2 protein chains.
Amino acid sequence: MTAKRQTWQKDAVKHALGQSTGFVSAQDLHQILKQHGSPIGLATVYRALADLAQQEQADSLQSASGETLFRACGQTHHHHLICTDCGATVEIGAAEIEVWANAVAKSHGFTPASHTIELFGICGNCKH
Amino acid sequence: MTAKRQTWQKDAVKHALGQSTGFVSAQDLHQILKQHGSPIGLATVYRALADLAQQEQADSLQSASGETLFRACGQTHHHHLICTDCGATVEIGAAEIEVWANAVAKSHGFTPASHTIELFGICGNCKH
DNA sequence: ATGAATGCAAACTCTTTGCACATTG
DNA sequence: CAATGTGCAAAGAGTTTGCATTCAT
């Protein structure tokens, strides 16, 4: 059978993913790991992330720029409010919206799975 | 100044996009157009789509495989409920969510601008 | 020992861009 | 006419893969 081996690389990727807030790209993770001294390869990061996603220990989604972003599962589910001027992001936890999303999906005969919500605007600082 | 010119290429892309059901990638459109005899270039399709998206005459989103998908869109502001299995999409108009989005942005000191909401799930047909 | 995992670099796919030429207004 | 749009091909960005080597079991 498939005997998964435990390597420090996989642990490093998993840990770095867990430390990150929100979504991170494979390349970001690779950068972070190297900055912490790991001589890990980019391809390995991609492979480790694919494994984690397959084992459902990580969520993945596509960013607007075409990157695949990953997030450790088990974190509180939240969304982002992003300043289109300076790029600042605020995390939004919104139980009401989760409920709404599920209700909408069901009303159309869908089995709710996931959703992406991103709000854009101009933050207080940039308004001045 | 910048005077947009009308070319048969832009019309062709717009028309092909309008004819398509659901979302299509730029490459798909290019294929379709060529199959219909248009000697249009791929880069031109990308440029035309970027224009349409900017003029808000087209919606765009990222597919799971990393492609950017486009779809002609009417005037009404709406979001999508997408089947992760067959790709079927349902348009959702949700006034309540617009209100919520603006309220959240304001509560964080942001001036509301826009937002993206995508719901994913499995549709009735694919459930069986 | 033995084969799965890694690292490197080449290959791939999708998208963007530079530049000469055709076209529009 | 002036300059915007197009087409081509080369360049970029992100991701995957082939292969020899390393390493967990």
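All chains are named by letter (A, B, ...) in the order of the sequence lines, taking the proteins before the strands, and each is independently numbered beginning at 1. Only a predicted model underlies this, so the values are computations on that prediction, with no experimental measurement involved.
One interatomic measurement links the two molecules: CG of A:Asp51 to C1' of D:dT16, which rounds to 14 Å at whole-angstrom precision. A:Leu49 has its CG atom 15 Å from the C1' atom of C:dA5, to the nearest Å. Between the NE2 atom of B:His30 and the C1' atom of D:dT6 there is a distance of 12 Å, rounded to whole Å. Between the C1' atom of D:dT6 and the CG atom of B:Leu33 lies a distance of 14 Å, rounded to the nearest Å. When rounded to the nearest whole Å, the span between CG of B:Asp11 and P of D:dG5 equals 14 Å. Between the CD atom of B:Gln54 and the C1' atom of C:dT16 there is a distance of 15 Å, rounded to whole Å.
Other residues, nucleotides and ligands contribute only 12 or fewer heavy atoms inside 6.0 Å of the CD atom of B:Gln6. Counting heavy atoms of neighbouring residues, nucleotides and ligands inside a 6.0 Å radius, atom CD of B:Glu96 exceeds 12 of them. Around CD of A:Gln54, the count of heavy atoms belonging to other residues, nucleotides or ligands within 6.0 Å does not exceed 12.
In this structure the side chain of A:Phe110 reaches within 4.5 angstrom of the side chain of B:Val90, judged on heavy atoms. For the pair A:Asp51 and A:Lys10, the minimum side-chain heavy-atom distance is below 4.5 Å.
Counting only N and O atoms by type, the side chains of A:Glu98 and A:His79 include a donor and acceptor under 3.5 Å apart.
Atom CG of A:Leu119 and atom CD1 of B:Ile117 lie 7.0 Å apart (nearest 0.5 Å).
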| In the 5'-to-3' direction, what one-character label does each nucleotide of nucleotides 17-25 of chain D receive under the scheme B = base within less than 4.0 Å of a protein heavy atom, S = sugar-phosphate only, - = no such atom? | BB----BBS

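There is a path of hydrophobic side-chain contacts, each under 4.5 Å, that joins A:Ile40 to A:Ile32.
Across the interface with DNA chain C, nearest-nucleotide mapping of B:Ala50 and A:Ala48 shows A:Ala48 to be the residue nearer the 5′ end.
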Atom pairs under 3.5 Å, N or O on each side, protein against nucleotides 13-15 of chain D: can you list them with distances?
from: D:dG14; atom 1: OP1; to: A:Glu67; atom 2: OE2; distance (Å): 3.4
from: D:dT15; atom 1: OP1; to: A:Thr68; atom 2: N; distance (Å): 2.6
from: D:dT15; atom 1: OP1; to: A:Thr68; atom 2: OG1; distance (Å): 3.1
from: D:dT15; atom 1: OP2; to: A:Tyr46; atom 2: OH; distance (Å): 2.3
from: D:dT15; atom 1: O5'; to: A:Tyr46; atom 2: OH; distance (Å): 3.1

